[in-house]
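In what follows, a single structure is set out as structure tokens and then discussed.
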There are 2 protein chains.
Amino acid sequence: MNEPNAPAENPSDPFQPIERATVSDAILDQLRGLIAGGTLKPGDRLPSERDLCKRFGVGRTSVREALKPLITLGILEGRIGSGTYVATEAGQFQKPLQWGLLGDLQSQDDLVETRHMLETNAAHWAAQRAGPDNLAAIAATLQGMAEHLDEPGQFQEFDANFHFEIARATQNKMLYRLINVIRGQIQTWIGERLTLSPERTESLARTSLEQHREIFAAIQDQDGAAARAAMDHHIQTATRDLQKIAK
Amino acid sequence: MNEPNAPAENPSDPFQPIERATVSDAILDQLRGLIAGGTLKPGDRLPSERDLCKRFGVGRTSVREALKPLITLGILEGRIGSGTYVATEAGQFQKPLQWGLLGDLQSQDDLVETRHMLETNAAHWAAQRAGPDNLAAIAATLQGMAEHLDEPGQFQEFDANFHFEIARATQNKMLYRLINVIRGQIQTWIGERLTLSPERTESLARTSLEQHREIFAAIQDQDGAAARAAMDHHIQTATRDLQKIAK
DNA sequence: TTGGCCAGCTGGTCAGACCAATTCTAGAAA
DNA sequence: TTTCTAGAATTGGTCTGACCAGCTGGCCAA
């Protein structure tokens, strides 16, 4: 027959040849492999799209459709006039998790409950595993909170970093990523609530700081149970306070 | 000549024309919203690409680049000659979470530890919230396990479903998804280990079934603490057994 | 009614063109 | 020589029109 691109059949093995269904997915796989394998490191610049076309032997459409998902997921970053770059490691896992977890936004309760579970466990493990550098980082966020009791925006940022640093101190990267994402979502929720009653934010901040200090003390003492209890108390009251504001 | 094609606008049309910085991202956002908001339900067929072009008032390139990430993430599914469809809910959140969580595969310990946390909590909540249908579903998986003690493949599947059903019984969708993904990853690991020592799988299966029954009994009794303890015991011994095989 | 065939649709791919932003470069100005 | 700046070249983003391969549905003959 007049096969245009007849695959070179290997006579010894009849079931060998599996042609990839779509070109762009094949490119996508290859790129993902290069990134996961470390050939392309964060910050690296990819060859230009037109260059990749020639190297892969495909059209620009296919190259772009392979790049687009990676860009959407935050693994790559396209800059007009400059090129396409591998994103920094920090941002690489943020978006895919957001996509995965935030499919339906109606379940605020699930979010709060899951966060509670993740953070109490994180406090527990952090107490057992935090190194001096972790403790220093957490202490720094406490300092930051203390200095910005009357600036909600700043305070909130240090607050969030406090929880991030605890997550990091668990030495469990997966847990860290999960908390990172969920916390990010919670954060927007907190922001909404606080703007509803700006006059009470400072008193809330003060009690919040106090609770954070208790958590830190427990972690410093390497007392896992106490850290978990303190975190539990903190999240429970904070959640309740914020929910009260809603009314 | 070079004017962008006329935005064929029509209020009460769920596909509204575009205004944002990058066109394809704007379309992406809009589509995501339609899916998350339930306007587009699983199984629905989207308008054809050429149709969307007219409705959005953009070129097919932009539409396709918006569709592509959603397809890669498993949220949409393209079928040549037929159309583009919203994927079934089950598969919708699997891939994005995998992309996010499995960036570096070296941290098997993190995986095990995180799974332990998620599943013990799931057991706790399931005991408090499982409805009759949940209990029936869990019981069915136990039955399946009992009937396939000597068929590792089948047994493993019922085993996995047991844990899925518990996750579902928590009524926390987010937790369910997380367990779903992590369990899927653990599962491949378990499979690898079991093939290393096929002669012991049946005795392992027997003790495993016994532990599953204890977990189920605790959930049936609505005893959260007991359920957590039973799950804790199960995962600890199962993990230890599997790690022993490795040697 | 049944079976097969064909026209028309759909997603996947390619090529060429234009835009806006960035980067590079060579000549002018100091 | 060094510095500055205006083009020129390059790059990602978008549009258009074309073609392919697989699916769908309806028409027609048996």
Please check if the side chain of B:D29 supplies one atom and the backbone of B:A26 the other of a donor-acceptor pair under 3.5 Å. no
Would you mind reporting whether B:N121 and B:T170 have side-chain heavy atoms less than 4.5 Å apart? no
Within residues 55-68 of chain A: residues closer than 4.0 Å to DNA chain D (heavy atoms): A:R60, A:R64
Does this structure show an ion pair linking B:K68 with A:D25, if we count only N-O contacts that are shorter than 4.0 Å? yes
Grab the CG-P distance between B:L70 and C:dG12 for me, whole Å please. 13 Å
When you measure from the side chain of A:H116 to the backbone N and O of A:V112, does any donor-acceptor pair fall under 3.5 Å? no
For B:K54 and D:dT16, give me the distance from atom NZ to atom P, rounded to whole Å. 12 Å
Please classify the nucleic acid contact of A:R50 as base, sugar-phosphate, or nothing, using heavy-atom distances under 4.0 Å. base
Using side-chain heavy atoms (C-beta onward) and a distance below 4.5 Å, is A:L70 in contact with A:L28? yes
Does the side chain of A:F56 come within less than 4.5 Å of A:Q30's, by heavy atoms? yes
Please report, rounded to the nearest Å, how far the C1' atom of D:dA21 is from the CD atom of B:E49. 14 Å
Could you give the CZ-to-P distance, from A:R79 to C:dT22, as a whole number of Å? 11 Å
Between B:R45 (side chain) and B:S82 (backbone), is there a donor-acceptor pair under 3.5 Å? yes
Would you say the side-chain atoms of B:Q171 pair up with the backbone N or O of B:A169, donor to acceptor, closer than 3.5 Å? yes
Report yes if some heavy atom in the side chain of A:E65 is under 4.5 Å from a heavy atom in the side chain of A:T22; otherwise report no. no
Give the rounded distance in Å between these two atoms: CG of A:L28 and P of C:dG12. 14 Å
Nucleic acid footprint by protein, nucleotides 22-27 of chain D - heavy-atom cut-off 4.0 Å, B for base, S for sugar-phosphate alone: BB----
Distances under 3.5 Å only, N/O to N/O: pair up the protein atoms with those of nucleotides 3-7 of chain C.
none

Please give, in whole Å, the distance from C:dG11 C1' to A:D25 CG? 13 Å
Check the phosphate of C:dG12 against A:T22, side-chain N and O only, distance under 4.0 Å to OP1 or OP2. Yes or no? no
Rounding to a whole Å, what distance do you find between A:D51:CG and D:dA9:P? 19 Å
Take the protein atom CZ of B:R45 and the nucleotide atom C1' of C:dT10, then report the distance between them rounded to whole Å. 7 Å
A:S48 side-chain N/O to D:dT11 phosphate OP1/OP2 under 4.0 Å: yes
Any side-chain heavy atom of B:R115 sitting closer than 4.5 Å to one from B:L118? no
Given 3.5 Å as the limit, does a donor-acceptor pair link the side chain of B:D110 with the main chain of A:K173, or not? yes
